[in-house]
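One structure is given here, and the rest of the page talks about it.
Heavy atoms only: backbone and side chains are in, while hydrogens, waters and symmetry mates are out.
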Amino acid sequence: MRATAVAQPNIALIKYWGKQNIAENLPATGSLSVTLASLTTRMTVDLNDALQSDQLRVNGEPAADMLPRVSACLDYLLGADRAKASIDSECNFPIAAGLASSASSFAALVVAASHAAGLEADTLSLARAAGRASGSAARSLYGGFVELQTSAQEIHVETILAAEEWPMQVVVAITATGAKAISSGDAMNLSAETSPFYASWVEHQDHDLREARRAVEARDFAALAEVSEHNCLKMHSVMWGSRPPVVYWNNVTLACMETVRALQADGVPVFFTIDAGPQVKAVCLPEAAGQVLKALQQTDGVIDTLQSSLGNAARLLED
Ligand code: DP6
């Protein structure tokens, strides 16, 4: 009744920002992401009839704030009459700072919990269970370049290109530490209710998704860079147009974007993307990674950098 799984966060190039059904956490639009290799969440789930309630530790510390979402995810996956779980999560990167720790956490949770319970579940069912807990988590069940499509009833997720078929590097510039002021889920609901740009964002998402999918299939870096930066800035415009506004950037976020623009002007194959946090993710071809890393490290105010290649799907670890 015990299993351990590992999962990596993913970074959306075409973003998920808004839900068509809040109760079922069904995204309003599709999205496209890359799964990372070297940032990992390792989760052990121990299902035990003797426990009175679920227990969750993250990096050795009790994590009561995340527990209700974790328990709800287990109820959905295993049924409410399941045994209670003791869960240990180890994350090797900063949590809740816009690095998608919830994505890797829920992806690892559903893989570990389904095995601990002896449930025969296919990857798509696990992705749907993870996605109910956190929309972006559904994509971390898959490796490489991942596309999520949504209908009025359910999501469909698949790898459209494996990591090794188009190697890339992602350099993350950490510009601030600490938890964000508003969660991505609350912020996107606020955008849907109040941002005058939200309807147009939803309307054009399929177009951006098609463009990005074509760029991935053709391995056209310039085209992927253009549509990814456009989609990222459009999502942040939707946030900025919300009332009250949602602004995750700081001055160092902007400085990092300038660094990436200066590299691009020199012909370096790199582009930026930014999620619900102040960190800047620079996606580049492998030959440019050293130069991109150095330029971001030298950008005033950058606290730290992380680097990763693209990685594989969430998976079970043998005990
Ligand atoms: C900006 O998946 O964290 O990273 O479903 O409410 O848990 P919930 O939202 P979440 O939102 C991710 C938002 C984003 C864009 C993306 O990953 O596509």
Side-chain angles (χ1 to χ4, degrees), residues 5-37 39-41 43 45 66 69-78 89 91 98-115 119 121-163 183-185 187-189 192 202 205-206 208-209 212-213 216 231 235 273 275-276 310-316:
V6 67
Q8 289 93 239
N10 66 78
I11 303 222
L13 305 183
I14 302 299
K15 310 289 190 186
Y16 149 51
W17 195 253
K19 306 168 198 286
Q20 55 174 311
N21 181 327
I22 292 177
E24 291 177 18
N25 208 42
L26 193 61
T29 68
S31 54
L32 189 149
S33 62
V34 287
T35 302
L36 301 183
L39 314 186
T40 59
T41 298
M43 199 173 279
V45 175
M66 205 179 162
R69 282 173 83 191
V70 166
S71 295
C73 181
L74 291 177
D75 287 349
Y76 177 75
L77 184 68
L78 307 178
S89 179
C91 205
L99 283 176
S101 60
S102 66
S104 51
S105 299
F106 286 109
L109 178 72
V110 295
V111 173
S114 60
H115 279 86
L119 191 75
D122 61 21
T123 307
L124 185 56
S125 312
L126 293 178
R128 286 176 176 151
R132 255 184 100 99
S134 186
S136 54
R139 299 185 308 239
S140 278
L141 268 296
Y142 297 80
F145 293 82
V146 178
E147 183 172 348
L148 182 151
Q149 288 284 357
T150 186
S151 71
Q153 289 79 36
E154 61 192 6
I155 56 165
H156 183 89
V157 198
E158 64 183 317
T159 293
I160 56 170
L161 196 68
S183 73
S184 37
M188 68 177 79
N189 292 342
V202 170
Q205 197 66 354
D206 264 350
D208 289 4
L209 205 50
R213 189 189 317 125
V216 170
N231 194 264
M235 177 184 74
T273 190
D275 292 301
L310 304 192
N312 295 318
R315 64 209 168 275
L316 192 68

Begin with the C-alpha distance, continue with both residues' side-chain angles, and end with the deciding distance and a verdict on side-chain contact (heavy atoms from CB on, under 4.5 Å) for Thr41 and Cys91.
CA-CA 4 Å; Thr41 298; Cys91 205; 3.5 Å; yes
Do [X] and [Y] touch side chain to side chain, with heavy atoms closer than 4.5 Å?
| X | Y | answer |
| --- | --- | --- |
| Leu119 | Leu77 | yes |
| Leu109 | Cys73 | yes |
| Leu32 | Val146 | no |
| Leu26 | Thr150 | yes |

Taking every non-hydrogen atom, the tightest pair across [X] and [Y]:
| X | Y | result |
| --- | --- | --- |
| Ser104 | Pro9 | CB-N, 3.5 Å |
| Ala108 | Ala5 | O-CB, 3.5 Å |
| Ala127 | Val157 | CB-CG2, 4.2 Å |
| Ala7 | Ala314 | CB-CB, 3.7 Å |
| Leu126 | Ala121 | CD2-CB, 3.8 Å |
| Met43 | Ser105 | CE-O, 3.5 Å |

Any donor-acceptor pair under 3.5 Å linking the side chain of [X] with the backbone of [Y]?
| X | Y | answer |
| --- | --- | --- |
| Gln20 | Ser151 | yes |
| Thr35 | Tyr142 | yes |
| Thr159 | Leu161 | no |
| Glu147 | Gly30 | no |
| Asn25 | Gly131 | yes |
| Arg132 | Tyr76 | no |
| Asn10 | Ala103 | no |
| Arg315 | Ala313 | yes |

Do [X] and [Y] have a side chain donor and acceptor closer than 3.5 Å?
| X | Y | value |
| --- | --- | --- |
| Lys19 | Asn189 | no |
| Gln8 | Ser140 | no |
| Thr273 | Lys15 | yes |

As an exercise, state the distance from [atom1] of [X] to [atom2] of [Y], rounded to the nearest 0.5 Å.
| X | Y | atom1 | atom2 | answer |
| --- | --- | --- | --- | --- |
| Arg213 | Ile160 | CZ | CD1 | 7.0 Å |
| Ser184 | Tyr16 | OG | OH | 7.5 Å |
| Leu78 | Ser114 | CG | OG | 7.5 Å |
| Ser134 | Arg139 | OG | CZ | 9.0 Å |
| Trp17 | Met188 | CH2 | CE | 5.0 Å |
| Ile14 | Leu209 | CD1 | CG | 6.5 Å |

Check the pair Val110 / Leu141 against side-chain contact (heavy atoms from CB on, under 4.5 Å), numbers first and verdict last.
CA-CA 9 Å; Val110 295; Leu141 268 296; 4.1 Å; yes
Please step through side-chain contact (heavy atoms from CB on, under 4.5 Å) for the pair Phe106 and Arg69, ending with a clear verdict.
CA-CA 9 Å; Phe106 286 109; Arg69 282 173 83 191; 3.8 Å; yes
side-chain contact (heavy atoms from CB on, under 4.5 Å) assessment of His156 paired with Leu148
CA-CA 6 Å; His156 183 89; Leu148 182 151; over 6 Å; no
Quick one: list whatever passes side chain to side chain contact (heavy atoms under 4.5 Å, CB included) with Ala162, sequence neighbours left out.
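Per chain and number, Ala162 pairs via side chain to side chain contact (heavy atoms under 4.5 Å, CB included) with Glu164, Glu165.
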